[in-house]
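Each remark here refers to the structure printed beneath this line.
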Protein chains: 2
Amino acid sequence: MSIASVNDVHHDRINGNRKLAAITEPLGLGIGSSRRLTPRELVFGEGDPRTHLYSVVEGVLCSYKLLSDGRRQIDAFYFAGEVVGIGVGGTHAVNAEAISPAVVRSVPIGTVDRMVHSRPEFGWALLEIASQQLAEASEHLLNLGKRSVNERVSAFLISLAERCEHAGQDNAAIVVPMTRTDMADFLGMRLETVSRCVNRFKWLGLIETPQPNLIILKDRPALEAMAGGESRPS
Amino acid sequence: MSIASVNDVHHDRINGNRKLAAITEPLGLGIGSSRRLTPRELVFGEGDPRTHLYSVVEGVLCSYKLLSDGRRQIDAFYFAGEVVGIGVGGTHAVNAEAISPAVVRSVPIGTVDRMVHSRPEFGWALLEIASQQLAEASEHLLNLGKRSVNERVSAFLISLAERCEHAGQDNAAIVVPMTRTDMADFLGMRLETVSRCVNRFKWLGLIETPQPNLIILKDRPALEAMAGGESRPS
DNA sequence: CGAGAGGTTGACTGATCTCAACCCCCGTGG
DNA sequence: CCACGGGGGTTGAGATCAGTCAACCTCTCG
């Protein structure tokens with residue numbers, strides 16, 4: 001079972017190259033020690049030496065940076081199968097913590113080093129993951145820098161829905177694992193603004209929210225229009 | 001001379017792992033074809049197949065994404081020695097173009113692939129560059145998401161100054177290679193706002209601007225204070 | 001039952017955007 | 001020589017989107 005877990009197979013190819021499973025399993029790296037996390041529990045902190053590479057087995061993590069007055073910017077959320085803390089530099093540039101009960105698997109950086117040297121395609125695979133994360137960062141920068149609140153929230157909901165689809169879940173009903181505060185810190189706005197925006201979408205009939213953390217997309221095309229189209233050359 | 005160029009040696013270790021020179025030279029990859037670019041000339045576009053890896057020999061490039069209505073978000077600027085378009089996925093996620101007269105050196109992705117497989121430490125080095133760029137993206141996300149206009153502009157000026165220092169230039173006089181529009185598109189604001197902010201700093205005595213594209217930092221500590229300190233754990 | 005976390009809503013404020021005029025510089029061509 | 005036009009930059013006045021502050025609501029958990 002260290003080569004591949006049948007349970008994980010359908011998680012492969014999810015969201016391009018973001019998944020470690022797709023890389024580790026073909027390479028026989030189903031190893032590494034697991035750790036269970038409670039919500040808000042830190043995996044690593046900004047400035048910590050980079051000792052391990054982590055992948056999410058279960059639950060959701062996020063990475064973030066803080067300003068000295070407490071303002072927090074969440075860079076990314078990490079779902080099951082995704083890699084956190086990629087890189088090889090001396091220290092982590094961000095903090096990473098669980099936003100829900102979670103399980104992470106960690107691989108010592110020395111093991112990663114050996115893997116890269118013994119199997120160059122492993123290094124290649126890590127590069128694919130890194131470049132995928134860079135692409136997502138670009139998209140996020142576009143959101144924060146140029147999109148309005150409505151556009152950011154609708155783009156966020158759509159990307160959440162796409163992740164659910166790729167994970168084989170229902171395509172319209174999103175179980176939102178993060179709080180309004182987390183969404184706000186991710187989207188560069190205040191939690192009140194998130195709340196207002198989500199409820200505005202509800203009044204417009206674009207979504208339904210039976211519970212605060214369960215959002216059902218009712219009019220996906222309208223949401224996509226509201227997200228403000230990206231300019232994809234031809 | 002393909003192993004190491006004496007002229008480039010003092011560029012090594014600049015800004016962490018961002019430089020290709022530090023990697024390519026030890027590895028004997030001083031090769032690749034050069035191309036001269038005029039301002040606003042595109043190196044590659046979003047959605048283009050990733051055929052080459054580029055490094056800046058001279059001048060400054062930027063990478064950006066566009067919305068369909070023309071709004072533009074610049075992700076990063078790239079100075080001499082830095083790598084543009086890193087990654088191995090199928091297509092580029094961003095556009096890249098020159099913002100000044102520039103020269104880029106390009107290495108076919110197939111060559112990169114062979115390098116990674118023949119010399120695993122090359123893959124490792126590319127990972128270092130990618131993780132450095134991810135760290136910079138995190139910092140930029142923090143700027144866009146959580147900092148005010150004043151904070152963003154002062155943080156930007158300081159980071160420009162640090163780049164000049166690392167490049168061995170004067171530590172206080174910054175020759176700003178980009179226009180106010182470029183700065184605005186990078187910092188997530190309007191060019192008028194950039195202008196107002198820069199001039200506000202001038203009235204406050206924090207900087208001097210003999211010419212619009214020459215900024216002299218007069219009170220670095222005050223600028224750093226205005227940037228709003230990052231929370232670096234102990 | 002009380003306390004706290006998470007969420008919603010309202011009224012007000014204000015930072016930033018918008019629109020517009022204007023300036024300087026520089027190359028071009030009549 | 002000078003008129004012209006365009007790019008880049010500055011400045012002002014008004015509009016507005018999102019932030020701020022505050023009240024209140026629901027749930028859950030001791």
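In this text the structure is predicted, and so the values were computed from the model without any measurement. No hydrogens, no waters, no symmetry mates; every other heavy atom, side chains included, goes into these values.
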* Asked: Can you give one letter per nucleotide of nucleotides 16-30 of chain D, going 5' to 3': B for a protein heavy atom under 4.0 Å from the base, S for sugar-phosphate only, - for none?
  -> --SSBBB--------

* Evaluate the criterion salt bridge (Lys or Arg N to Asp or Glu O under 4.0 Å) for residue pair B:Arg196 and B:Glu192; output intermediate values, then yes/no. => CA-CA 6 Å; B:Arg196 271 184 254 273; B:Glu192 298 96 322; 5.8 Å; no

* Structure fact -> Sequence neighbours excluded, the answer for salt bridge (charged side-chain N to carboxylate O under 4.0 Å, His left out) partners of A:Glu151 is B:Arg71

* Five-pair end axes of the helix from C:dC1-D:dG30 to C:dG30-D:dC1, angle between them (10°) -> 20°

* Check the side chains of A:Asn150 and A:Arg200 for a donor-acceptor pair under 3.5 angstrom, ignoring hydrogens and angles. => yes

* Would you say the side-chain atoms of B:Lys202 and B:Thr209 include a donor-acceptor pair closer than 3.5 Å? -> yes

* Which nucleotide span of DNA chain C, 5' end to 3' end, has atoms closer than 4.0 Å to non-hydrogen atoms of chain B? -> C:dT16 to C:dA20

* Which of these, A:Asn199, A:Asp219, A:Val198, sits in a side-chain contact (heavy atoms from CB on, under 4.5 Å) with A:Ile207? -> A:Val198

* Which atoms form the tightest heavy-atom contact between B:Phe77 and B:Cys62, and what is the distance? -> CD2-CB, 3.6 Å

* Structure fact -> What one should report as the nearest heavy-atom pair of A:Val153 and A:Phe201 is CG1-CE1, 3.6 Å

* So which pairs with a foot in residues 143-163 of chain A pass ring-ring contact (aromatic ring centres under 6.0 Å, His included), sequence neighbours left out? -> A:Phe156-A:Phe186

* B:Tyr54 vs B:His92 aromatic rings, parallel, tilted or perpendicular, using cut-offs 30° and 60°? -> tilted

Using residues 35-43 of chain A as the side-chain source, report each donor-acceptor pair under 3.5 Å to any protein atom, sequence neighbours left out, with the distance given to one decimal.
{"unit_1": "A:Arg35", "atom_1": "NH2", "unit_2": "A:Glu41", "atom_2": "OE2", "d": "3.3"}
{"unit_1": "A:Arg35", "atom_1": "NH2", "unit_2": "A:Leu42", "atom_2": "O", "d": "3.2"}
{"unit_1": "A:Thr38", "atom_1": "OG1", "unit_2": "A:Glu41", "atom_2": "OE1", "d": "3.2"}
{"unit_1": "A:Arg40", "atom_1": "NE", "unit_2": "A:Glu97", "atom_2": "OE2", "d": "3.2"}
{"unit_1": "A:Arg40", "atom_1": "NH2", "unit_2": "A:Asp182", "atom_2": "OD1", "d": "3.2"}
{"unit_1": "A:Arg40", "atom_1": "NH2", "unit_2": "A:Asp182", "atom_2": "OD2", "d": "3.4"}
{"unit_1": "A:Glu41", "atom_1": "OE1", "unit_2": "A:Thr38", "atom_2": "N", "d": "2.8"}

